[in-house]
Amino acid sequence: MKGTVAPGFEPVREAFASVLAATDGGAAFSVVRRGEVLVELWGGPGWTRDTLVVLFSGTKGVVATVMALLRIDPLSPVSRYWPEFPSGDVSHVLSHTIGLPYVEADVSFLDNRANASALATQRPLWTPGSRVAYHAATYGYLCTELIRRVTGRSAGSVVRSLLGGFDIHLGTPASEDHRVARLTRSPDYRISTFLHDPVRRRVVDRMYRGLLEPATINSAEYRRAELAAGGATGTAAAMARLYDRICAGLVPAPVLASATSTWSSGTDAINDRPVRFGLGYELADSLGTYGPVEEAFGHSGAGGGRHGAWPEEGLGFSFTTSELQPEDTDRRGSLLLEALAGCL
């Protein structure tokens with residue numbers, strides 16, 4: 001284990017040592033408060049301060065930030081920006097209530113434009129806004145197309161333009177491949193761990209389409225595809241600094257207040273998991289995903305990644321790991337956030 005903690009944060013170092021012992025691979029944890037680095041720890045075979053990790057759905061928080069910075073009106077119909085899209089508001093896309101959790105057409109999951117076109121002609125499973133269910137992959141296709149319609153540019157290009165000061169990449173260039181951690185899955189890894197209904201399990205299979213297979217998530221094609229739902233790479237230090245800057249005014253306060261208000265909540269209609277969403281951001285939930293605090297926002301990622309902010313403390317944090325573990329048994333992120341809370 002390497003890195004530093006500020007005085008008074010030694011319990012976080014101890015918790016991180018436990019996390020490394022429970023991880024078959026590498027990990028990193030960073031905390032930044034009002035520009036001050038409180039925690040920056042990393043460890044594991046070959047892991048350095050600059051190790052990039054596929055963020056999986058942590059990418060959604062990055063994209064939510066871009067959507068906020070672009071000032072795309074959440075109450076406007078999607079068709080205002082994307083005339084071919086027949087129903088629903090932008091808020092329905094961002095709050096996972098649009099009713100399009102998978103793509104019916106037989107198109108490559110790496111093709112943003114083809115998937116967006118398919119979704120524009122696909123009938124929603126429910127009236128937009130009437131139910132909430134996590135849109136694991138389609139959130140990305142829909143946001144990517146909205147960004148393209150508003151700016152005329154790809155989502156990766158806009159991330160580079162608006163967030164270029166952070167070591168976060170949507171469309172990771174070949175020049176950075178040497179820094180990317182190789183991902184593995186624990187022997188018991190599985191998705192949608194709250195779901196036991198075999199019918200809806202088939203829906204989940206359609207949602208993911210093999211996206212989390214090791215050969216896929218470790219491929220250059222996956223990292224290059226600018227998948228706005230789960231394909232970005234970043235360091236823990238960069239993600240913690242991003243969320244710290246969001247709290248400090250990167251996103252204007254009125255816009256952030258709206259984006260981090262509750263736009264949807266309840267039991268996921270497909271996954272049976274308790275959820276609570278703002279405009280693209282996950283919010284503090286009954287599972288304690290964001291630690292023992294009442295107010296938090298950010299976005300977790302498949303396999304254990306936790307990235308977010310505690311706005312009342314004015315801090316951002318990020319946990320990255322190369323080993324994917326199942327949500328219902330993975331305690332690594334929770335241990336770190338509980339230790340952090342105890343130090344404040």
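- Looking at every heavy atom in both residues, S91 comes nearest to S95 through O-OG, 2.6 Å.
- Both L242 and W42 belong to a single network of hydrophobic side chains, linked directly or stepwise wherever heavy atoms of I, L, V, M, F, W or Y lie under 4.5 Å apart.
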Give the C-alpha distance, both sets of side-chain angles, the deciding distance and a yes or no for side chain to side chain donor-acceptor pair (under 3.5 Å) between Y134 and S57. CA-CA 11 Å; Y134 186 52; S57 287; 2.5 Å; yes
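- Side-chain atoms of Q122 come within 3.5 Å of backbone atoms of E104 as a donor-acceptor pair (strictly under, hydrogens ignored).
- Listed by chain and number, the hydrophobic cluster partners of V180 are L52, where partners are ILVMFWY side chains within reach of under 4.5 Å, directly or through others.
- Using a distance-only test at 3.5 Å, with no hydrogens or angles considered, no donor-acceptor pair links the side chain of T51 to the main chain of W47.
- Atoms NE2 and OG, from H169 and S175 in turn, are 8.0 Å apart once rounded to the nearest 0.5 Å.
- Side chain of Y141 to main chain of A114: no donor-acceptor pair is present (N/O by atom type, distance under 3.5 Å, no hydrogens or angles).
- For A302, the side-chain contact (heavy atoms from CB on, under 4.5 Å) test picks out F56, Y189, L212, with sequence neighbours left out.
- The closest side-chain donor-acceptor pair between D188 and S186 falls under 3.5 angstrom.
- Residue pairs meeting the ring-ring contact (aromatic ring centres under 6.0 Å, His included) criterion with at least one member in residues 102-126: none, sequence neighbours excluded.
- Every residue meeting the side-chain contact (heavy atoms from CB on, under 4.5 Å) condition with R71, not counting sequence neighbours, appears here in chain and number order: P252, V255.
- Y281 and T65 share a donor-acceptor pair across their side chains, judged by distance under 3.5 Å alone.
- Residue pairs meeting the salt bridge (charged side-chain N to carboxylate O under 4.0 Å, His left out) criterion with at least one member in residues 152-169, sequence neighbours excluded: D167-R179.
- Contact detail for D89 and P77: the closest heavy-atom pair is OD1-CA, 3.6 Å.
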Evaluation steps, side-chain contact (heavy atoms from CB on, under 4.5 Å), between E323 and R185: CA-CA 5 Å; E323 185 191 37; R185 304 194 308 188; over 6 Å; no
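- The existence of a salt bridge linking R331 and E338 is confirmed by a sub-4.0 Å separation between a basic side-chain nitrogen and an acidic carboxylate oxygen.
- Sequence neighbours left out, the pairs with a member in residues 195-205 that pass salt bridge (charged side-chain N to carboxylate O under 4.0 Å, His left out) are D197-R200, R200-D272.
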Taking only distance into account, with no hydrogens and no angle test, what donor-acceptor pairs under 3.5 Å do side-chain atoms of residues 225-236 form with protein atoms, sequence neighbours excluded?
unit_1	atom_1	unit_2	atom_2	d
E226	OE1	S154	OG	3.0
E226	OE1	G156	N	2.9
T233	OG1	T172	OG1	2.8
T235	OG1	A238	N	3.0

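- Nearest heavy-atom pair across Y243 and G308 is CB-O, 3.3 Å.
- Applying the 6.0 Å contact sphere to CZ of R148 captures more than 12 heavy atoms from other residues, nucleotides or ligands.
- Between R276 and E282, none of the side-chain N atoms (NZ, or NE/NH1/NH2) sits under 4.0 Å from a carboxylate O, so this pair counts as no salt bridge.
- Using a cutoff of 4.0 Å between basic side-chain nitrogens and carboxylate oxygens, E10 and R13 are not scored as salt-bridged.
- Between H307 and L55 the shortest heavy-atom distance is CE1-CD2, 3.9 Å.
- V93 and C143 make their closest contact through CG1-SG, 4.1 Å (heavy atoms, listed as atom of the first residue, atom of the second, distance).
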Begin with the C-alpha distance, continue with both residues' side-chain angles, and end with the deciding distance and a verdict on side-chain contact (heavy atoms from CB on, under 4.5 Å) for Y222 and V54. CA-CA 10 Å; Y222 182 84; V54 173; 3.8 Å; yes
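- By the ring-ring contact (aromatic ring centres under 6.0 Å, His included) test, W263 pairs with no residue at all, sequence neighbours left out.
- Using a cut-off of 4.0 Å between Lys/Arg side-chain N and Asp/Glu carboxylate O, R149 and E84 are scored as salt-bridged.
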What donor-acceptor contacts under 3.5 angstrom involve side-chain atoms of residues 25-35, with partners at least two apart or in another chain?
unit_1	atom_1	unit_2	atom_2	d
S30	OG	A237	N	3.4
R34	NH2	E313	O	3.4

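- The minimum heavy-atom distance linking T289 with L337 is given by the pair O-CD1, 3.8 Å.
- In this structure, the ring-ring contact (aromatic ring centres under 6.0 Å, His included) partners of H135, at least two apart in sequence or on a different chain, are H96.
- Side-chain contact of S300 with R306: a donor-acceptor pair under 3.5 Å is absent, judged by distance alone.
- Between E327 and R273 a salt bridge is recorded (basic side-chain N to carboxylate O distance below 4.0 Å).
- Linking ILVMFWY side-chain heavy atoms closer than 4.5 Å, directly or via other members, places V251 and M239 in a single hydrophobic cluster.
- Remark: Y81 engages no residue in a ring-ring contact (aromatic ring centres under 6.0 Å, His included) (not counting sequence neighbours).
- Every side-chain contact (heavy atoms from CB on, under 4.5 Å) that A105 has, sequence neighbours left out, goes to V103, V107, A118.
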